Amino acid sequence: MTNILILGAGYAGLRAAKVLAQKKLDAAITLVDRNRYHYETTSLPEVAAGTRRAQSILLPLPENLPAQVNFIQATVIKIDRTNKQVELADGQPLTYDYLVVALGLESENYDIPGAAENALPIVDVKSALAVKNNWKLIFKIIKPAKIQTIYA
């Protein structure tokens, strides 16, 4: 039996798992992600703005995966392509015949001076909630009259 390992349960990883499962291959399909949920990346700014609850953009895993897909919640530490192995944070090695690497995004500041030191990136649910909480703190400090003046 062929071992197919998919790293990352973002849009690309979930799509790969779904398409491969539909093909009814003689293969063991395993999806690895550090979270037990997929989140709608495009909705993260709404969570940061406080106009949408974080819970509403989450898709629980493994409940929403095709039955043929095995799910492992773990953090990937190393990919050893020579030996076709992936090392997880708990030390567990996973072997594969085919590997799909879909581990997600990194925030980009486009070399804007000061952006890396002063901006809060929004790359996942945790960072979106951090931005939301930062705004709440700012609004507690700034008096309402000053806010009206800023946006007038």
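None of the values given here were measured: they were computed from a predicted structure.
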Same cluster or not: are Tyr98 and Val86 linked, directly or through other Ile, Leu, Val, Met, Phe, Trp or Tyr residues, by side-chain heavy atoms under 4.5 angstrom apart?
-> no
Quick one: pull up CD1 in Ile6 and CZ in Phe71 and give me the separation to the nearest 0.5 Å.
-> 11.5 Å
Going from NZ on Lys132 to CZ on Arg53, what distance comes out if it is rounded to the nearest 0.5 angstrom?
-> 9.5 Å
Validation row: Leu61, Leu14 side chains within 4.5 angstrom (heavy atoms) | yes
In terms of heavy-atom contacts, Asn109 and Ala115 come closest through CB-CB, 3.7 Å
Got more than 12 heavy atoms from elsewhere within 6.0 Å of CG, Asp111?
-> no
Test item: Tyr39 side-chain N/O and Gly10 main-chain N/O as donor-acceptor pair under 3.5 Å | no
Determine the minimum heavy-atom distance between Pro66 and Ala21, stating which atoms define it.
-> CB-CB, 3.6 Å
Common cluster, Leu59/Val32, ILVMFWY with side-chain heavy-atom separation under 4.5 Å | no
Indicate the atoms forming the closest heavy-atom contact of Asn64 with Pro60, along with that distance.
-> ND2-O, 2.8 Å
Would you check if Arg34 and Asp124 make a side-chain contact, meaning some heavy-atom pair closer than 4.5 Å?
-> yes
Supply the atom-to-atom distance Asn133 CG to Leu120 CG, rounded to the nearest 0.5 angstrom.
-> 11.0 Å
With a 4.5 Å heavy-atom cut-off, do Leu31 and Leu65 have their side chains touching?
-> yes
Counting distance only, does the side-chain N/O of Asn134 pair as donor-acceptor with the main-chain N or O of Ala130 below 3.5 Å?
-> no
Side chain to side chain contact (heavy atoms under 4.5 Å, CB included) partner of Leu7, the single match among Asp33, Ile79, Thr30, Leu94 = Ile79
Could you tell me which non-hydrogen atom of Ser107 sits nearest to which non-hydrogen atom of Val123, and how far apart they are?
-> CB-CG1, 3.6 Å
Shared hydrophobic cluster, Ile138 / Ile122 (ILVMFWY, side-chain heavy atoms < 4.5 Å) = yes
Should Tyr96 and Ile4 count as side-chain neighbours, where that means a heavy-atom distance under 4.5 Å?
-> no
Looking at Arg52 and Glu40, does any basic side-chain N land under 4.0 Å from a carboxylate oxygen?
-> yes
Any side-chain heavy atom of Thr75 sitting closer than 4.5 Å to one from Leu88?
-> no
Measure the CG-CD distance between Asp90 and Gln73 for me, rounded to the nearest 0.5 Å.
-> 11.0 Å
State, yes or no, whether a side-chain contact exists between Leu5 and Val100 at a heavy-atom distance under 4.5 Å.
-> no
When you measure from the side chain of Ser43 to the backbone N and O of Ile57, does any donor-acceptor pair fall under 3.5 Å?
-> no
Can you find a heavy atom in the side chain of Gln85 that is under 4.5 Å from one in the side chain of Pro93?
-> yes
Give, for atom NZ of Lys18 and atom CD of Gln22, the distance between the pair rounded to the nearest 0.5 Å.
-> 5.5 Å
Could you tell me whether the side chain of Asn35 and the main chain of Tyr37 form a donor-acceptor pair under 3.5 Å?
-> no
Tyr11 atom OH, over 12 foreign heavy atoms within 6.0 Å = yes
Kindly give the heavy-atom pair with the smallest separation between Leu103 and Gly8, and that separation in Å.
-> CD2-N, 3.9 Å
To the nearest 0.5 angstrom, please state how far the CZ atom of Arg36 sits from the CD1 atom of Ile72.
-> 11.5 Å
When you measure from the side chain of His38 to the backbone N and O of Ala9, does any donor-acceptor pair fall under 3.5 Å?
-> yes
CD of Gln92: more than 12 outside heavy atoms within 6.0 angstrom?
-> yes
For residues Ala102 and Gly13, report the shortest heavy-atom separation together with the two atoms involved.
-> CB-N, 3.8 Å
